[in-house]
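Because the structure is predicted, anything quoted here is derived from the model rather than measured. Both ligands and their constituent atoms are indexed starting at 1 by order of listing.
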Amino acid sequence: MHAVVAGRLRCASCGTVVPVATPLSWRCPNAIDGDRHHVLLIESDDADGEFVPDQSDNPFVAFRRMLAWDAFAASTGMSDDDRRSFIERTDDLVASVAGTGFRFTPVARESQLSDELGFGAAGGVWVKDETHNVAGSHKARHLFTELLHLLLAESRGLVPWAPATRPELAIASCGNAAIAASTLAAAVRWPIRVFVPQSADGIVIETLTSLGATIERCPRRDDDPPGDPCVHRFRKRVAAGAVPFGVQGTENAWCLDGGRVIGWEFIHQLDRDALTHLVIQVGGGACAAGIGEALMLAGSTTSLVAVQTAGCAPLERAWRMAASTGGTANAGARWSKCMWPWESEPTSLADGILDDETYDWVAVCNAMTATRGCPVVAPESDVVAAYAMAHRCTTIDVSPTGSAGLAGLITMRSAEAIATDARVGIVFSGIRRGVDLPALR
Ligand SMILES: Cc1ncc(COP(=O)(O)O)c(C=O)c1O
Ligand SMILES: [Zn+2]
């Protein structure tokens, strides 16, 4: 793929430019209480020649030169070698808590799955298995670039605190992201507070507790505005000084930096144009935004397809609203016309993607537009079928949320919207935790 370097952050809504050298540049400066319809996106510049990854089995090292973090670190005068070893040292700390550091995750054609979905020999389904990534899902990838940013800024004296008086980290999440954030926080002994739904219990809470996170339950209050009560409480805490350490680009743009690494892995492992489609489950949207951004930067012919469940599909609505108000690309200035919280109480077996707003909708719509992709809404029956099919046809112990991309593929195959010679990539991104195995038939 062609080489690029991160140049700056630019708000997709109001156009404000923030230099990549700005420490703690989590949000657009115009994102204030009462107007949170802003998100900083990373803008890259062309560099000379083909991109040559650094030799490493750690993708953050291999793709380092395209990371915004690398440009940020370079702007502080840090040498190339020191930037590489900073990542490696941080990765060692992560491994000491997570049992593994960041490594390329495997991707392979799954023949039984391909057969079951009616693909011919020329086509098929390629599954990227994130269930053995740090903290059991892809989420830690987003958080690692936030962590690198924080640690680098701190080590270069660019933060308004001393290491002994670090502000708490904060995240709103009900599962994989909270576990990933708490794992990284534990690795560097940084206190973290997680805002979880009132109903959260079981293995997720046990895991967060064992990682030393402070857990705050967030019941919906009568005087809450629309939207997720965990997000409201989280924002209050951030306004009071906590560091946003989540996986929504609207709250911390630096999650979008690491989110691209999974896309670069696909491209590197399979070739730039090996796949016709990447079909990705969408909750808050940061995951699909990162993968889509990687495809766009590489000039790939792969189409990005974003999957939501019928129980909660604000992105598909935003895509239609954007199309009818001026186009699906660069719709950030039309935020209020396109994206608002899903009105009914979201429900699905894939309960990890029930974000009632797709916070990173602008970037996902941009990528779907540029790659000639589209959103798809999977009926709940396909979500259930995908979970069973994933366990019947592969050996990956994926959760119902993690197999929700497959649900979208089932929906598209049923509608004959994906042909039998298509080559489709999906991501099994979350390990099964405390959920019963599916009945296999
Ligand atoms: C397993 C799994 N896959 C996919 C997603 C979707 O990621 P995003 O919220 O960035 O859209 C999530 C979390 O929301 C998840 O836990
Ligand atoms: Zn803005």
Side-chain angles (χ1 to χ4, degrees), residues 9-18 25-32 35-41 128-131 133 135-143 171-181 204 228 231 246-253 255-256 258-260 262 279-293 304 306-309 312-315 332-333 335 346 348-364 367 375 383 386-387 390 396-408 426-433 435:
L9 308 175
R10 186 190 300 272
C11 180
S13 172
C14 72
T16 299
V17 172
V18 176
S25 47
W26 315 137
R27 290 197 310 270
C28 172
N30 296 324
I32 48 164
D35 178 13
R36 297 304 304 271
H37 290 169
H38 297 260
V39 63
L40 293 175
L41 302 183
K128 192 158 184 50
D129 178 4
E130 289 285 294
T131 61
N133 188 35
S137 77
H138 73 283
K139 294 280 185 183
R141 294 173 181 267
H142 293 292
L143 293 154
I171 180 170
S173 157
C174 58
N176 289 320
I179 291 175
V204 173
D228 184 342
V231 173
V247 292
Q248 297 152 348
T250 43
E251 310 299 330
N252 189 328
C255 76
L256 302 174
R260 305 179 302 171
I262 187 170
V279 181
I280 305 297
Q281 59 272 33
V282 166
C287 178
I291 292 174
E293 169 83 5
L304 177 69
V307 181
Q308 295 191 301
T309 73
C312 183
L315 176 67
W335 201 303
S348 172
L349 179 64
D351 60 2
I353 50 168
L354 294 179
D355 302 64
D356 61 2
E357 286 175 71
T358 314
Y359 304 96
D360 288 297
W361 69 280
V362 180
V364 181
V383 174
Y387 183 45
I396 303 171
D397 196 14
V398 68
S399 66
T401 300
S403 60
L406 178 60
I426 59 179
V427 181
F428 279 0
S429 67
I431 199 161
R432 188 174 61 86
R433 282 186 242 261
V435 187

Checklist line | ligand 1 N/O within reach of Gly283 N/O, cut-off under 3.5 Å | finding: yes

Next item on the list: Take the angle between the ring planes of Trp335 and Trp361 and call it parallel below 30°, perpendicular above 60°, tilted in between.
Entry: perpendicular

Notebook entry, point to check: Between Ser13 and His37, is there a donor-acceptor pair closer than 3.5 Å when you use the side chain of the first and the backbone of the second?
Noted result: yes

Check: What do you reckon, does Lys139 have a nitrogen or oxygen under 3.5 Å from a nitrogen or oxygen of ligand 1?
Finding: yes

Note to self: Quick check for you: with the Zn ion (ligand 2) as the vertex, what angle do ND1 of His38 and SG of Cys11 span, to 10°?
What the structure shows: 110°

Next item on the list: Angle at the Zn ion (ligand 2): provide the value between SG of Cys28 and SG of Cys14, rounding to 10 degrees.
Entry: 100°

Next item on the list: Hey, could you give me the CZ/OG1 distance between Arg10 and Thr16, rounded to the nearest 0.5 Å?
Entry: 9.5 Å

Checklist line | Residue and atom name of the nearest protein heavy atom (relative to atom 16 (O) of ligand 1), distance in Å to one decimal | finding: Asn176 ND2, 2.8 Å

Notebook entry, point to check: Side chain of Ser403, backbone of Leu406: donor and acceptor closer than 3.5 Å?
Noted result: no

Note to self: If I apply the N/O under 3.5 Å rule, does Ala288 come out as touching ligand 1?
What the structure shows: no

Notebook entry, point to check: Should Glu130 and Lys139 count as an ion pair when the cut-off is N to O under 4.0 Å?
Noted result: no

Check: Taking it one step at a time, do Gln308 and Thr358 satisfy side-chain hydrogen bond (donor to acceptor under 3.5 Å, both in side chains)?
Finding: CA-CA 10 Å; Gln308 295 191 301; Thr358 314; 3.3 Å; yes

Checklist line | From CD1 (Ile280) to OG (Ser429), nearest 0.5 Å | finding: 8.5 Å

Notebook entry, point to check: Under a heavy-atom criterion of less than 4.0 Å, does Val247 contact ligand 1?
Noted result: no

Notebook entry, point to check: Given Ser429, Ser399, Gly285, Gly259, which has its nearest heavy atom closest to atom 11 (O) of ligand 1?
Noted result: Gly285

Checklist line | Under 4.0 Å to a heavy atom of Gly430 - the qualifying atoms of ligand 1, by number | finding: 1 (C)

Notebook entry, point to check: Among Gln308, Gln281, Glu130, whose heavy atom sits nearest atom 4 (C) of ligand 1?
Noted result: Gln281

Next item on the list: Check whether any heavy atom of Gly175 sits under 4.0 Å from an atom of ligand 1.
Entry: no

Notebook entry, point to check: Does His138 come within less than 4.0 angstrom of ligand 1, counting non-hydrogen atoms of the residue?
Noted result: yes

Checklist line | N or O pair under 3.5 Å between Thr401 and ligand 1 | finding: no

Notebook entry, point to check: Can you find an N or O of Ile353 that's nearer than 3.5 Å to an N or O of ligand 1?
Noted result: no

Next item on the list: Starting at CG of Asp351, measure out to OG1 of Thr401 and round the result to the nearest 0.5 Å.
Entry: 5.0 Å

Next item on the list: Determine whether the side chain, the backbone, both or neither of Ser137 has a heavy atom under 4.0 Å from any heavy atom of ligand 1.
Entry: neither

Note to self: Would Ala286 count as a polar contact of ligand 1, with the cut-off being nitrogen or oxygen pairs under 3.5 Å?
What the structure shows: yes

Notebook entry, point to check: Gly352 heavy atoms, cut-off 4.0 Å: which ligand 1 atoms fall inside?
Noted result: 13 (C), 14 (O)

Checklist line | Protein heavy-atom partner closest to atom 10 (O) of ligand 1 - residue, atom, separation in Å | finding: Cys287 N, 2.8 Å

Check: Which ligand 1 atoms are under 4.0 Å away from a heavy-atom of Val282?
Finding: 11 (O)

Next item on the list: To the nearest 0.5 angstrom, please state how far the CG atom of Leu354 sits from the CG atom of Asp228.
Entry: 10.5 Å

Margin query: Taking Ile353's backbone N and O only, do any of them form a donor-acceptor pair with Gln281's side chain (distance below 3.5 Å, no angle check)?
Written below: no

Next item on the list: Considering non-hydrogen atoms only, spot the tightest contact between Thr131 and Val398 and give its length.
Entry: CG2-CA, 4.2 Å

Check: Among protein heavy atoms, which sits nearest to atom 9 (O) of ligand 1, and what does the distance come to when rounded to 0.1 Å?
Finding: Gly284 N, 2.8 Å

Next item on the list: Rounded to the nearest 0.5 Å, what's the gap from CD on Glu357 to SG on Cys312? Could you check?
Entry: 10.0 Å

